[in-house]
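One structure is given below, encoded as structure tokens.
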Amino acid sequence: MDDRENSLQTARRIVSQRLESLQRAGVEQIGRAAFVPLPVAESMVGTAHPTTAVAEADALAGHTTLTPALSQGEREYMPPPLPESLTSTSTMPRSPARPVAPASDLPLSLTQPYPKGLANSVAGRQQLLDDMNTEVRGCTLCKELACTRTQTVFGVGHAKPRVVFFGEAPGADEDRQGEPFVGRAGQLLTKIIEACGWARSDVYIMNVLKCRPPDNRNPLPNETDNCRQYFVRQFEILRPEYIVCVGTIPAQALLETDVSVGKLRGKFHRYRDSTVLVTYHPSYLLRNPSAKKYVWDDMQMLLKEMGLPVPGK
Ligand code: URA
């Protein structure tokens, strides 16, 4: 069987498993998503209000199709227990007709389950992350970045997270401090995380590149290729239920696409056993504050999907 046929077969299997699991959950019909625009979190936007959210919601509702998503029961690993702060007692119903990316013959690299058998305890995973961090510190695959960086910036947060925030590359502040998202954009990302009811330590935060590109230029394709092995392995250790790609670079690198963030957001995608949400990068929001309402729409969609309450609602 060739690769294409193989991946078609995998996609068919996943779709049919997904349909069966929806059926088991009592879903009899897959309809168009009924999107109700919700107000934007004050902490994110001050007094701004989502005046165009209705049009946005209508546009999104038109994209409702089944994605080749795996449900919890189909996963080949035990889903990690939730950190206290991410555990909800809410009985908020999930919308079975959520907007999702169109099912297509996805590359195998996006549909392969995470490997079984890696450490599952927080301490065990942290050890694996620490060992990998040591390896990354010595990386010289990108000659320019290895010469210009102050230090590598690996990732930070809970080793057994429900959600991973996935960014582009360290900037000057991150390069200095050795931690992702600590500069101005990072402070806005922290606000977004907190608006969801979490602390930075509840989630995991990491980037595509582990080194700062000089003058904050975009990562070059070969730099993303060199770092791919690291973020792939990080996700295999973390095995998050959800990945939030902030910006074009992480979204396109993870989903192996050249589709824009504007088109990728507003629906869920799949990366192995993780459900992926794409939204705008906080740096973009610093330049275009009016886009904050879209990010808050995206985060509310995520919270609903996770079965968690929207703070302040
Ligand atoms: N932008 C990113 O994408 N990552 C960081 O760590 C900081 C800014």
Side-chain angles (χ1 to χ4, degrees), residues 44 129 132-133 136-137 139 142 144-146 148-159 161 163-196 198-228 230-235 238 240 242-255 257-258 260-262 264-265 271 276-289 291-292 294-295 298-299 302:
M44 281 177 62
L129 291 168
M132 212 183 124
N133 191 2
V136 166
R137 279 197 197 110
C139 181
C142 306
E144 184 190 14
L145 304 192
T148 53
R149 73 185 178 214
T150 305
Q151 58 189 314
T152 54
V153 179
F154 184 69
V156 70
H158 205 290
V163 186
V164 169
F165 285 82
F166 190 37
E168 180 177 319
D173 294 304
E174 291 77 20
D175 175 70
R176 209 173 306 119
Q177 295 184 43
E179 182 171 331
F181 283 103
V182 291
R184 268 186 81 217
Q187 283 158 24
L188 183 50
L189 181 70
T190 303
K191 270 190 172 184
I192 294 168
I193 290 168
E194 288 171 353
C196 293
W198 307 319
R200 274 172 73 99
S201 54
D202 293 326
V203 300
Y204 194 86
I205 306 173
M206 57 186 263
N207 287 308
V208 173
L209 291 200
K210 309 307 181 204
C211 299
R212 180 193 180 205
D215 305 319
N216 293 343
R217 64 159 169 74
N218 279 344
L220 302 173
N222 75 306
E223 291 167 350
T224 299
D225 288 346
N226 287 340
C227 248
R228 180 171 295 278
Y230 297 129
F231 72 72
V232 165
R233 283 166 56 201
Q234 256 174 317
F235 283 126
L238 294 164
Y242 299 92
I243 298 171
V244 179
C245 294
V246 292
T248 307
I249 301 285
Q252 295 187 343
L254 191 73
L255 300 175
T257 179
D258 52 11
S260 68
V261 170
L264 291 170
R265 63 170 290 275
Y271 174 73
V276 179
L277 181 82
V278 174
T279 196
Y280 294 112
H281 193 283
S283 301
Y284 176 77
L285 301 183
L286 291 173
R287 294 191 306 273
N288 302 279
K292 288 179 183 175
Y294 299 118
V295 173
D298 294 336
M299 299 317 296
L302 175 69

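This one's a predicted model, so the numbers in the text were calculated from it and none came from an experiment. Counting starts at 1 for both ligands and their atoms, following the listed order.
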Evaluate the side chain to side chain contact (heavy atoms under 4.5 Å, CB included) criterion for residues Tyr271 and Val232: first the C-alpha distance (whole Å), next the side-chain angles of each, then the deciding distance (0.1 Å), finally the verdict. CA-CA 10 Å; Tyr271 174 73; Val232 165; 3.8 Å; yes

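Distance alone, capped at 3.5 Å, places no donor-acceptor pair between the Glu168 side chain and the Asn218 backbone.
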Going by atom type alone, with no hydrogens or angles, which donor-acceptor pairs under 3.5 Å involve a side-chain atom of residues 245-254 and a protein atom two or more places apart or on another chain?
from, atom 1, to, atom 2, distance (Å)
Gln252, NE2, Asp258, O, 3.2
Gln252, NE2, Val259, O, 2.9

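For ligand 1, the protein residues within 4.0 angstrom (heavy atoms only) are Gly167, Glu168, Ala169, Glu174, Pro180, Phe181, Asn207, His281.
Classified by interplanar angle (parallel below 30°, tilted 30° to 60°, perpendicular above 60°), the ring pair Phe166/Phe235 is perpendicular.
Around the CG atom of Asp215, the shell of radius 6.0 Å holds no more than 12 heavy atoms that belong to other residues, nucleotides or ligands.
Here the side chains of Arg149 and Lys210 are not in contact, with every heavy-atom distance at 4.5 Å or above.
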